[in-house]
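Treat the numbers as computed from the prediction; the structure is a model and nothing was measured.
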Amino acid sequence: MKYRESGMPIEELWQSFFNPVDTLKQMDVDKNIRILIDIGCGYGTFLLPATELVSGNVIGIDVDEKMIEVCENKIQDTSISNVHLINGDISTEDTIEQLKKYKAEIDYITLFNILHCEKPLYLLQSVYDVLNKNGKIGVIHWNHEETTPRGPSMKIRPKPETIIEWASKIGFTLKNQIDLPPYHFGLVFVK
């Protein structure tokens, strides 16, 4: 699936927008999660902190091989042992095949700043199909405001109500909506 230009800022600016541990906790990431999949793991901003919050493993997936390399380098500098990286696309058969063996334990999937893709319903359906029957997804996206310092163009940037509508069509139920100042919002859905 084509992932359109996200306006992803350089790592230092990106990290200034979040306290990753606090953000993940607000998004219901906790020890009840056996496997968390971070789709579009990027710089590892949320991937690496998630390894400390879940009881099991974290799987980072990114279509950009350079981002996988960035995460691999960061992991090598730590004692983290519960993370696995996949250079792939959650909506392709190859990646789905790699995840099938984990399906019963996939309790949480992140879709952080990614639902501006060309086929958001297809992406949500792929995630729904991989997630276990009681699983959750966490969605973070840029506020739909011109004042954000980066982010995808306004014409492809989804509003919270649009994402809620898309997720409902797939079969997800909204559990929580969170303001993540200064530039983002969060949504937690259950299957």
Side-chain angles (χ1 to χ4, degrees), residues 1-9 13-20 22-29 33 36-43 45-47 50 59-64 67 88-93 95-96 99 106-191:
M1 175 186 308
K2 184 174 180 184
Y3 292 92
R4 301 186 278 193
E5 176 54 45
S6 67
M8 181 77 163
L13 179 60
W14 177 245
Q15 289 182 346
S16 74
F17 298 151
F18 302 99
N19 176 317
D22 288 347
T23 300
L24 287 167
K25 287 179 179 179
Q26 288 181 66
M27 298 293 293
D28 287 351
V29 174
I33 298 169
L36 178 143
I37 298 177
D38 185 9
I39 298 177
C41 59
Y43 301 120
T45 303
F46 294 101
L47 176 79
I59 300 170
I61 301 174
D62 207 295
V63 297
D64 188 340
M67 291 292 98
D89 180 340
I90 187 69
S91 61
T92 64
E93 201 55 43
T95 303
I96 290 170
L99 298 174
I106 299 173
D107 294 318
Y108 199 104
I109 298 177
T110 69
L111 295 170
F112 293 175
N113 295 297
I114 199 167
L115 281 176
H116 56 277
C117 61
E118 285 187 345
K119 298 179 182 177
L121 287 169
Y122 185 74
L123 176 59
L124 285 163
Q125 185 65 61
S126 297
V127 166
Y128 188 90
D129 293 344
V130 170
L131 194 63
N132 78 33
K133 65 179 180 166
N134 299 309
K136 297 178 189 175
I137 62 168
V139 175
I140 292 177
H141 219 293
W142 294 90
N143 291 333
H144 201 269
E145 301 169 353
E146 296 279 351
T147 58
T148 59
R150 294 298 295 260
S153 73
M154 298 307 285
K155 70 179 187 176
I156 64 170
R157 189 183 304 198
K159 296 178 181 177
E161 55 270 19
T162 303
I163 295 172
I164 293 167
E165 180 183 326
W166 292 339
S168 296
K169 284 181 182 177
I170 300 303
F172 288 108
T173 302
L174 180 67
K175 180 180 182 231
N176 203 2
Q177 186 166 350
I178 303 149
D179 186 31
L180 297 170
Y183 305 115
H184 294 82
F185 64 87
L187 303 166
V188 178
F189 296 93
V190 293
K191 186 171 177 180

ask   = In Å, rounded to the nearest 0.5 Å, how long is the span from CE of M27 to CG of L187?
value = 6.5 Å

inquiry  = With side-chain hydrogen bond (donor to acceptor under 3.5 Å, both in side chains) as the criterion, how do D107 and N134 come out once you've worked through the C-alpha distance, each side chain's angles and the decisive distance to 0.1 Å?
reply    = CA-CA 7 Å; D107 294 318; N134 299 309; over 6 Å; no

note = By ring pair (Phe, Tyr, Trp, His ring centres under 6.0 Å), Y108 pairs with (sequence neighbours left out) none

query = Quick one: are I39 and F112 in side-chain contact, heavy atoms under 4.5 Å?
reply = no

Side chain proximity check, T162 to W166, heavy atoms < 4.5 angstrom = yes

ask   = So how far is it from Q177 CD to I163 CD1, rounded to the nearest 0.5 Å?
value = 9.5 Å

note = Looking only at heavy atoms, the pair that brings I61 and G88 closest together is CG2-O, 3.4 Å

Side-chain (N143) to main-chain (E145) donor-acceptor, under 3.5 angstrom = no

key: CD/E146: more than 12 non-hydrogen atoms of other groups inside 6.0 Å   = no

request  = Say whether D129 and Q125, considering side chains only, have a donor N or O and an acceptor N or O under 3.5 Å apart.
outcome  = yes

Heavy-atom donor-acceptor pair, D179 side chain to F185 backbone, under 3.5 Å = no

request  = Evaluate the side-chain contact (heavy atoms from CB on, under 4.5 Å) criterion for residues L36 and I59: first the C-alpha distance (whole Å), next the side-chain angles of each, then the deciding distance (0.1 Å), finally the verdict.
outcome  = CA-CA 6 Å; L36 178 143; I59 300 170; over 6 Å; no

inquiry  = Under a 3.5 Å threshold, yes or no: a donor from one side chain and an acceptor from the other, between T95 and D89?
reply    = no

task = Taking the side chain as every heavy atom from C-beta outward, state whether I114 and L123 have any atom pair closer than 4.5 Å.
result = yes

task = May I ask you to check whether H184 and H141 place their ring centres under 6.0 Å from each other?
result = no

inquiry  = Can a donor-acceptor pair be found, under 3.5 Å and without considering hydrogens, that links the side chain of K159 to the backbone of H144?
reply    = no

note = Partner of L111 under side chain to side chain contact (heavy atoms under 4.5 Å, CB included), picked from D38, I37, L124, I90, is L124

inquiry  = Please report the interatomic distance CD1(I109) to CD1(I137), rounded to the nearest 0.5 Å.
reply    = 8.0 Å

ask   = Do D62 side-chain atoms and G42 backbone N/O form a donor-acceptor pair below 3.5 Å?
value = yes

ask   = Taking the side chain from T23 and the backbone from N19, do they hold a donor-acceptor pair closer than 3.5 Å?
value = yes

query = Is there a side-chain contact between F46 and L24 (heavy atoms, below 4.5 Å)?
reply = yes

request  = Kindly indicate whether the side chain of Y183, heavy atoms from C-beta on, has any atom under 4.5 Å from the side chain of T147.
outcome  = no

message = Closer than 3.5 angstrom, by distance alone: can the side chain of S91 be matched with the main-chain N or O of S126 as a donor-acceptor pair?
response = no

query = Going from SG on C117 to OH on Y122, what distance comes out if it is rounded to the nearest 0.5 angstrom?
reply = 11.5 Å

query = Could you give the distance from CD1 (I164) to CG (L174), rounded to the nearest 0.5 Å?
reply = 4.5 Å

message = When you compare the side chain of Q26 with that of V188, does any pair of heavy atoms fall below 4.5 Å?
response = no

message = Can you list everything that forms a ring pair (Phe, Tyr, Trp, His ring centres under 6.0 Å) with Y128? Sequence neighbours excluded, please.
response = F172

task = Check the pair N113, W142 against side-chain contact (heavy atoms from CB on, under 4.5 Å), reporting the backbone distance first and the verdict last.
result = CA-CA 7 Å; N113 295 297; W142 294 90; 3.2 Å; yes

query = Residues two or more places apart in sequence or in another chain: which of them pass salt bridge (Lys or Arg N to Asp or Glu O under 4.0 Å) with D28?
reply = K136, K175

